[in-house]
Structure formats: C-alpha cells, structure tokens
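Data block below; observations after.
Whatever order the structure lists them in is the order used to number ligands and atoms, beginning at 1.
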Amino acid sequence: MTISAQENSRLLEAFGLSSDNPGAFDGSWLKTSGERIESINPATGTPIAGVTMATREEYDRVAQTTVEAFKEWRTWPSPKRGEIVRQLGDILRQRKDDLGRLVTLEVGKVLSEGLGEVQEMIDMADLAVGMSRQLYGLSMHSERAQHRMFEQWHPMGPTGIITAFNFPVAVWAWNAMVAAACGNSMIWKPSPEAPLTSLAVTRLAQEVLEANSAPPIFNLAIGGVSDVGEPMVADTRLPLISATGSVRMGKAVGAAVAARMGRSLLELGGNNGLVVMDDADLDIALRGVLFGAAGTAGQRCTTTRRLFLQKGIAAKMKEWLVKAYGSIRIGDPLESGTLMGPLINQAAVDSMLAALEVVRGQGGRVLAGGEAIEGAGYFVQPTLVEIDEQIPMACDETFAPILYIMEFDDLEEAIALHNAVPQGLSSAIFTLNMRSAERFLACTGSDCGIANVNIGTSGAEIGGAFGGEKDTGGGREAGSDSWKAYMRRQTCTINWGTELPLAQGVEFDL
Ligand code: NAD
C-alpha cells in the first residue's frame, strides 16, 4: 500500500471529514445542494473524498451571515481581535503535521513544502497579532489655528477571498489573518482543486471562534465560478475582493469589481526571470535555479521560468543543469527524499505538453526532460529549453516545470530581456559585483514587485509585502504596510476653537 493510501483515511478522520462533505460554512455547516466534486490525489489519480458545492442561494446565505458578523466584529478592540488570530496560530502549530500532510495529499507538493505552507500560516498569524496593535494613522499639522488633524483606519468590511490551488491554505492565511486583525469578516472561495484543505482549515477556525464566542467571521463557500465566484465578485455587500490566481481570472475579477466601484487586491501569475552574471557564485546560483524552476513542480507563482546566462558561464551552467535535472527525485510527495511531486491534474500535463509542441515550433531546443511520465498520477519531467531569443511562448506563464534558457552579453541586455514580458512578479540576479546588483535593483532595473540578489525568485518571507506589477495585478499581501488594503482611511479635522476659519483662506461671511 502506498503512503498516500494509508494517509488518506487517517487524515480525513483527523479533521472530522468524511467521504462526502458539505462545502459551505457560516458559523455552522450548511447542507449544501450544488454539484458534487471529488478531490483527487494528483500523485495517484484516485479520489480522496467528495464535496457537495454551494449553490448561488447557499452562497447568498453565507454572504448575509458574513455581513451580520462584520457588524459585531468591527466593534471588538483590535488587540482583542488579534487574540483570536493568536489562538488560530496556536491551533495551527498543534495541527501543523496533519494539515501539512493533507496539503501534500491534495495538491501534490512535497512534504517539506506542505509543512512549510502551514508554517507560513503560523508566521502570518504571529505577524497579524502584532499588526493588531499597530494599525497606525498619521497626525498632521492643520493650517488653521486651534484645529487638530489626523487620519485613522477603520475595517473595510466583509471581504471575499478567492484562492488558487497551488497554495491552498497559505494564501487564505495571508489574507485572513490580516483581514481579521483589521476587523473584517470574510468568505473564502477556494479552488475546486483543493477543497479538503479549505474544509480542514475552516474546522480549525470554527474551534477557535466557538471557544471565544466570537461572531462567524471565517466563512467558506466552495463552488464553481458561476455559482460562487461571479456572484461573490459582483456582490456589493463585499467592498473588498482579494483574488489570487491566473492573469485571466484577475482580468475578469478586476473589471467586475471596478464596475461596481469595489476594491480589489489582485495577486496573479508571474513569469519570473533569474540573471546569472559571469562573476556569480555558480554553486549557489545553480541551487537557486534548481529550487526555483523544478521545486513545487513549477507550480508556484514565483517559479523561475526564464534563466538569463552571461556568455562566459553559460556553457558550464547548462551542463550542470542538464546533469542536475537528470537526478531530481520525482515520486510520491509524501515519501521522504522526493524533490518533485506531480502536477495538479491531467489538464496541467496536457497543457505542458502542448506548450512544448509550440515551443519546438518557435525554435526552442529541449535540453532535458520534455515528457510526461507514464503510470499513475500526473507526473512530468522537469524540462530545460534553450532559446536564442525570447520566443512568444516564453512570454506566457505555463504552470509547469519548463525553464527557458537564454544567453546575453551584458547586464543592460539582460535587464531589457528580463522586463520584456507582460508579468512582473519576482526576479533575481546572481552576482558578486556590487554595481551589477545595485543596477538590477535601480528604478531602471527589474520592473517586478520582488527583486532578489543571490537568492532565487521563489520562497518569499511573509515580513515583506508580497505581490507584483503589470499583469501580475499590482496587489500586495502579507507584511510591511499591506494591512492598509484591508482598511479604509478616514481623515479627521477637529476644530476646538471659537472661530470657523476655512482652508486656503477662503472667506464666506455674510
Ligand atoms: P485560476 O485562475 O484558474 O483559479 C484561481 C481561483 O479563481 C479559483 O478559486 C477559481 O475557481 C477562481 N476563479 C476563476 N475564474 C473566476 C471568475 N471569473 N470569478 C471568480 N473566481 C474565479 O488559478 P489556479 O490554476 O488555481 O492557480 C494558478 C495560478 O495562480 C497561476 O497563474 C499562479 O501564478 C497564480 N498564483 C498567483 C499567486 C500570487 O500571489 N501572485 C499565488 C498563487 C498562485
């Protein structure tokens, strides 16, 4: 019996899940009546358990409860809200192992990454607890005598959270921990590819809310785009929609939310480039490329998809990469020692193979990999493609482990190639030359939301603001001052004098 098969029933039991689960929660579990979907283990292609999704009416009920919960939650002092988030972090610490394993079972990332994803949730909880005491506004000096002027931040309101399959629980935590500390209630629409992890997390949140008699702020509606996704995006009761996923999804969501004057926070696809200069420490550059490009089977928004090699080291790096790609251990992601698990489903395998067909037609030469792996599950070979120029396919995000390799003469050329794609999420340069590093980070350097030196493109820490520019959507989540996206700013002026002077010296006396 494979490890996955043994873990299947144990993990379901650990989170109170059965073979058939309701897909909506609004303080209690709804008896949902939408389409039934199966969550498939991508390593075996076999079902783990089923979920009955929410209908449009059931979504509506969850949304109404979320609106009511907000009315109470916003009146809780922010540090008291932080205490609920702290307890959620604690329960995640206690359940880290099981939840990490469930992530691995459901989406196929290797166990250390499944566990790492839960650690990211815990880190986000810790960060948000601190934030709950630091939702600072500024004070300004008024131009009018005996006037005081300041700004304050209020909760934004009930929030819709749409997440992608590849970070099925961490992305919820980026949003939910901060949104809760800021005073927002929320509805989560997870990816239908990863419903079980969302059920498990919601059960943990339910325990914390019930133990504290807190209003139902962490709600869930698993559903399709037409039953849940689109109604949520169009719902004027939700002033903020935070959506993580493909550029295609973000363009639809961004336009729909803007049309109703709502606020959206978009975290979309990337097409991340990594530059290796002749003077780089090639040992760490190689390791950075391997984790960035083949890690998580190329299914990270920050996956390294384009590698720019300076001509002096290009041949050596390519040789090392081809050798290393041949020895990446691919297999059951729950098994220790596995470095690369499967893609999420057959459609992802098909789309990778189709992309490679087009790439060959556009002049790309496959140096390593390039094939699906026969047998159960959705496994593919990590693939290296050499190109002479930035072909059209290299300007698109194929959500699979394909790395395009290009050579360049000087840094100016590399930066120009690097920035010549529609996406702008993550970027990296490997160099020991201070001038090259600073040139890459200058405002005329990388145009991405994340720019690293001697670190790969993936694996960001939560303390920084996470997100990207251009087609990546412009949103920022997690650390720094990202909390401001979840709150509304109010500028207040108090006149404590006996006159009523007008700003800019305007006079209006009878
Ligand atoms: P996807 O766009 O197919 O789906 C993401 C979510 O959006 C799902 O829950 C889906 O049901 C929902 N959705 C799709 N169309 C919608 C619509 N019109 N209205 C409302 N909801 C809709 O993405 P995916 O395949 O699950 O995930 C992979 C993609 O996500 C990649 O492009 C990856 O780069 C991106 N991603 C980005 C980040 C980031 O922070 N920038 C993080 C993780 C993943």
Measure and list all N/O to N/O distances between ligand 1 and the protein that fall under 3.5 angstrom.
unit_1	atom_1	unit_2	atom_2	d
ligand 1	2 (O)	Ser246	N	2.8
ligand 1	2 (O)	Ser246	OG	2.6
ligand 1	9 (O)	Thr163	O	2.8
ligand 1	9 (O)	Lys189	NZ	3.1
ligand 1	11 (O)	Lys189	NZ	2.8
ligand 1	26 (O)	Phe165	N	3.1
ligand 1	30 (O)	Gly245	O	3.4
ligand 1	32 (O)	Glu397	OE1	2.6
ligand 1	34 (O)	Glu397	OE2	2.6
ligand 1	40 (O)	Glu267	OE1	3.4
ligand 1	41 (N)	Leu268	N	3.3
ligand 1	41 (N)	Leu268	O	2.8

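- Checked against side chain to side chain contact (heavy atoms under 4.5 Å, CB included), Gln119 has the following partners two or more places apart in sequence or in another chain: Lys96, Ile122, Asp123.
- Classification of the Trp172-Trp188 ring pair by plane angle, with boundaries at 30° and 60°, yields parallel.
- No side-chain N or O of Thr303 forms a donor-acceptor pair with one of Ser458 less than 3.5 Å apart.
- For Ser264, the side chain to side chain contact (heavy atoms under 4.5 Å, CB included) test picks out Val257, Leu266, with sequence neighbours left out.
- Applying the side chain to side chain contact (heavy atoms under 4.5 Å, CB included) rule to Ser480 yields the partners Ala465; only residues at least two apart in sequence or on another chain are considered.
- Here Asp60 does not pair with Arg56 in a salt bridge; the nearest charged N to carboxylate O distance is not below 4.0 Å.
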